[in-house]
2 protein chains.
Amino acid sequence: MTEKRRSRVTLQQVANHAGVSRATASLVVRGSPHISKETREKVLNSMKELGYVYDRVAANLRSHRSSTVGLIITEIGNPFFSDLLAGVHESLDQEGYTVILGTTFDSPAKQDELLSTMLEYRVGGVIMSPVPGCSVDMVERLKQWGIPVVLVAREELPMRQFDYVGIDNVAGGRLATKHLIQQGHRRIAFIGGFSGSSVWRDRKKGYCEALEQAGIELDESLLIQSLTTRKGGMEAMKRALELPNPPTAAFCYNDVVAFGAMLGLKEVGMMPGRDIAIVGFDNIQESAIFHPPLTTIAAFPERIGVHAAHILHKRMTGETSEPKRLILQPELVVRESSSGIPHSS
Amino acid sequence: MTEKRRSRVTLQQVANHAGVSRATASLVVRGSPHISKETREKVLNSMKELGYVYDRVAANLRSHRSSTVGLIITEIGNPFFSDLLAGVHESLDQEGYTVILGTTFDSPAKQDELLSTMLEYRVGGVIMSPVPGCSVDMVERLKQWGIPVVLVAREELPMRQFDYVGIDNVAGGRLATKHLIQQGHRRIAFIGGFSGSSVWRDRKKGYCEALEQAGIELDESLLIQSLTTRKGGMEAMKRALELPNPPTAAFCYNDVVAFGAMLGLKEVGMMPGRDIAIVGFDNIQESAIFHPPLTTIAAFPERIGVHAAHILHKRMTGETSEPKRLILQPELVVRESSSGIPHSS
DNA sequence: TTACATATTGTAAACGAGTACATGAAATGT
DNA sequence: ACATTTCATGTACTCGTTTACAATATGTAA
């Protein structure tokens with residue numbers, strides 16, 4: 001505390017020091033072409049000398065622009081979202097935006113709260129992964145205020161009115177299930193997740209389609225919901241094993257659930273990939289190094305983030321075309337967890 | 001685009017609608033006790049009716065306060081940091097702060113850039129994990145402006161002038177190495193990381209201390225640096241195995257490196273925990289589910305985040321005591337990766 | 001009734017910048 | 001030499017709040 005606490009240097013002070021008016025200094029700061037070289041340099045020197053720092057907050061207030069964007073995700077804990085965040089962040093950084101982050105933990109109340117906060121902070125745009133059962137009102141409100149919103153990863157409600165970037169979950173479910181069928185399985189469980197979410201319904205739809213195509217009848221008891229956590233996956237798998245006629249394979253809601261399921265198997269002495277086949281969803285980094293390595297559906301979270309950021313940027317700079325829907329195609333990544341031959345039936 | 005784009009409702013409009021002055025409305029917004037119940041309700045009603053939203057940006061500008069804090073970390077990809085982020089985020093959320101995020105990828109230039117940006121955005125405080133070799137100037141500058149800074153996880157340079165929350169890396173290194181020695185190992189490599197970072201030096205110090213205490217001489221060739229990524233760990237392990245007298249155990253810079261090292265082992269047909277013992281550092285969630293489960297040193301990233309947030313909050317609300325140093329004690333978590341008995345010597 | 005304390009509410013000047021418009025000087029054309 | 005254009009800079013108002021300070025209303029004691 002030996003240094004005296006400096007207060008903010010204002011543009012006015014810079015202007016005085018350089019012997020020009022504040023307006024001129026402002027033009028210099030913003031790199032206007034209507035300023036002579038000499039004046040520009042005079043001002044720049046004064047800025048350096050006084051240690052001026054631009055006040056983006058004041059500037060945004062006056063100019064009705066905003067260089068911050070809000071990013072609302074479910075939780076950082078899930079690598080799917082931290083990858084998505086990385087993608088968004090990197091792209092927006094490049095364009096000079098600053099991101100403010102919020103996590104909903106799938107609570108609609110928290111989501112509304114976050115949206116309010118972002119509104120209060122004058123964000124220029126929002127990228128969000130909506131919570132299941134989220135009401136469209138709040139999001140509508142943002143749009144009414146001219147704040148563009150890009151939805152990612154999940155598509156809840158009739159939100160066709162917004163830009164959306166995600167993957168084709170139906171195709172993903174189909175890919176996963178087909179793969180298991182090709183491996184010779186006929187009793188395939190769909191494990192984890194919550195039927196309230198659009199993602200679950202889509203993946204299940206793909207699952208059903210693949211079954212139907214192979215002439216396998218859907219057995220509702222093989223649809224085992226759970227929290228989308230490791231623990232949830234573990235419990236769901238245990239419930240599956242307790243079934244009178246247990247499955248020989250499982251398509252898991254996502255990789256995290258799949259990890260849980262595999263841990264559950266190991267606990268009762270079964271080996272995923274040998275005693276029972278497992279397929280996950282997302283292809284998060286960990287899935288390659290799990291033991292056994294997890295067969296999964298690549299969902300490219302980082303790419304989703306990059307695209308969303310890109311669309312948002314365009315909206316924020318005035319593009320007003322129809323809402324875009326960008327649906328990435330998932331890819332099957334075969335590893336060892338699905339190599340097992342069914343024991344029975 | 002059928003809805004008309006609304007523009008911001010101002011406090012003035014609310015005041016007019018309620019038939020009071022703007023100042024009164026302002027007091028209501030901020031919950032001042034000097035307002036009669038009736039007026040308060042009148043104003044609150046008008047707010048609701050007009051759809052008023054508080055403009056925190058304008059408010060902060062005027063009041064010289066700020067309810068945003070900057071969080072600067074190395075990368076989200078490493079679960080250590082995403083856990084830290086989760087801790088910070090949760091605590092600050094509760095106190096009503098909003099966090100803006102930046103990642104340096106260990107580039108000093110990027111770090112300076114981020115600090116500048118945060119300055120421009122009038123953050124009220126900063127929590128950062130400094131990059132190795134970072135200059136103190138920029139951070140000093142923040143402090144001169146009265147913006148409190150809390151350092152986390154890494155302690156670079158002579159930064160005793162700042163608040164700091166981290167863990168005792170020396171003790172951690174000692175714990176890990178001691179454990180391996182107790183398992184009967186005498187040739188123990190220290191794998192991964194970069195000697196330029198304070199964390200590396202501290203963990204190495206603990207490693208050396210444990211060796212010395214056991215009467216084992218330090219073999220410099222067993223200090224194998226690498227990038228702190230999975231790939232880096234893999235390469236480092238391969239280099240270790242090519243040594244004329246390879247190690248029977250490895251203490252890895254962190255869990256991510258340890259994963260890489262274990263993958264490297266598997267590639268050449270060796271089994272971590274049987275053919276060679278591995279200990280990691282951080283105890284990220286994945287370490288429990290890796291195969292084999294990783295023995296590691298728990299570093300409690302989330303707890304670090306929570307504490308840092310707490311200290312920052314106190315600083316932002318006026319506490320001016322001496323810089324605090326909060327050093328958490330690491331804990332050894334024994335799992336299967338370190339259970340191997342050394343083959344030779 | 002007058003004076004005075006007390007509880008409220010209003011007035012007006014900030015905060016630090018952007019920007020339309022006016023002004024002035026220099027450069028050009030005739 | 002004068003009118004006209006071009007370029008650079010200054011004037012003055014604005015964004016939506018906070019906050020000293022002044023002003024009003026209400027109630028109470030003398």
Side-chain angles (χ1 to χ4, degrees), chain A residues 6-44 46-47 50-68 117 119-124 145-147, chain B residues 6-44 46-47 50-68 117 119-124 145-147:
Chain A
R6 273 202 263 174
S7 67
R8 211 157 181 110
V9 178
T10 77
L11 200 50
Q12 181 66 258
Q13 292 169 33
V14 172
N16 292 343
H17 185 273
V20 300
S21 84
R22 197 163 49 79
T24 308
S26 173
L27 289 176
V28 171
V29 168
R30 286 175 294 148
S32 157
H34 299 303
I35 292 289
S36 71
K37 236 182 182 111
E38 304 134 33
T39 340
R40 186 196 315 286
E41 279 181 10
K42 248 192 327 191
V43 174
L44 289 177
S46 299
M47 279 171 48
L50 299 183
Y52 171 76
V53 326
Y54 188 60
D55 192 322
R56 227 168 266 279
V57 168
N60 285 345
L61 171 59
R62 175 58 232 253
S63 68
H64 293 281
R65 265 188 273 282
S66 171
S67 47
T68 71
T117 305
L119 217 45
E120 293 185 358
Y121 274 105
R122 288 172 161 269
V123 295
W145 288 55
I147 298 177
Chain B
R6 270 202 265 175
S7 67
R8 214 160 178 107
V9 176
T10 76
L11 199 51
Q12 178 71 74
Q13 292 170 31
V14 172
N16 291 344
H17 185 273
V20 299
S21 83
R22 194 173 62 243
T24 309
S26 173
L27 289 176
V28 171
V29 168
R30 286 174 293 151
S32 157
H34 298 303
I35 292 288
S36 70
K37 234 181 184 111
E38 303 133 31
T39 346
R40 185 194 317 285
E41 278 180 9
K42 248 193 327 195
V43 175
L44 288 177
S46 299
M47 281 172 45
L50 299 182
Y52 170 75
V53 329
Y54 187 59
D55 192 323
R56 227 168 265 280
V57 167
N60 286 344
L61 172 59
R62 176 58 231 249
S63 68
H64 294 276
R65 267 187 274 281
S66 170
S67 47
T68 73
T117 306
L119 218 44
E120 292 184 359
Y121 273 105
R122 287 173 163 268
V123 296
W145 287 50
I147 299 178

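No experiment lies behind these values; they were computed from the predicted model shown. Below, chains carry the letters A, B, ... as their sequence lines are ordered, and counting in each starts from 1.
Each of B:Leu11 and A:Ala25 lies near DNA chain D, and the nucleotide nearest A:Ala25 is the one positioned closer to the 5' end.
Scored by the side chain to side chain contact (heavy atoms under 4.5 Å, CB included) test, A:Arg40 finds A:Val28, A:Ile35, A:Leu44 as partners (sequence neighbours excluded). For B:Arg62, the salt bridge (Lys or Arg N to Asp or Glu O under 4.0 Å) criterion is met by no residue, not counting sequence neighbours. Residues passing the side-chain hydrogen bond (donor to acceptor under 3.5 Å, both in side chains) test with A:Ser32: none are found, sequence neighbours excluded. The salt bridge (Lys or Arg N to Asp or Glu O under 4.0 Å) test applied to A:Arg56 returns B:Glu120, not counting sequence neighbours. Remark: B:Arg22 pairs with B:Gln12 by the side-chain hydrogen bond (donor to acceptor under 3.5 Å, both in side chains) rule, at least two apart or across chains. A search for side-chain hydrogen bond (donor to acceptor under 3.5 Å, both in side chains) contacts involving A:Arg30 returns A:Ser26, not counting sequence neighbours. The side-chain hydrogen bond (donor to acceptor under 3.5 Å, both in side chains) check on B:Thr10 picks up nothing, with sequence neighbours excluded.
In the 5' to 3' direction, nucleotides of DNA chain D lying under 4.0 Å from heavy atoms of chain B begin and end at D:dG16 to D:dT19.
Contact detail for B:Val9 and B:Leu50: the closest heavy-atom pair is CG2-O, 3.3 Å.
Summarising the geometry, the separation between CD on A:Gln12 and P on C:dA17 is reported as 10 Å, rounded to the nearest angstrom. In this structure, CG of B:Leu61 is placed 8 Å from C1' of C:dA17, rounded to the nearest angstrom. Nucleotide C:dG16 holds its P atom 13 Å from the CG atom of B:Leu119, rounded to whole Å. Between B:Tyr121 atom OH and C:dA17 atom C1' there is a gap of 14 Å when expressed in whole angstrom units.
Residue contacts shown for A:Thr10 are limited to sugar-phosphate atoms, with no base heavy atom under 4.0 Å away.
Taking every heavy atom of residues 27-44 of chain B and every atom of DNA chain C, pairs under 4.0 Å involve B:His34, B:Ile35, B:Ser36, B:Thr39, by number.
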Check the interface with nucleotides 11-13 of chain C: list each N/O to N/O pair with the protein under 3.5 Å, or write none.
residue : atom : partner : partner atom : Å
C:dA13  : N6   : B:Arg22 : NH2          : 3.2

Please list, one pair per line, the donor and acceptor atoms closer than 3.5 Å that link side chains of residues 14-21 of chain A to other protein atoms, with sequence neighbours excluded.
residue : atom : partner : partner atom : Å
A:His17 : ND1  : A:Ser46 : OG           : 2.9
A:Ser21 : OG   : A:Ala23 : N            : 3.3
A:Ser21 : OG   : A:Thr24 : N            : 3.3
A:Ser21 : OG   : A:Thr24 : OG1          : 3.2

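Remark: the B:Tyr121 side chain and the B:Ser66 side chain contain no N/O donor-acceptor pair separated by less than 3.5 Å.
Remark: DNA chain C takes part in the stems C:1-30 with D:1-30, each of 3 or more antiparallel Watson-Crick or G-U pairs, criterion distances under 3.5 Å.
Of the residues A:Leu61, A:Asn60, A:Thr68, the one that meets the side chain to side chain contact (heavy atoms under 4.5 Å, CB included) test with A:Arg122 is A:Leu61.
Between the OH atom of B:Tyr54 and the CG atom of B:Leu11 there is a distance of 9.0 Å, given to the nearest 0.5 Å.
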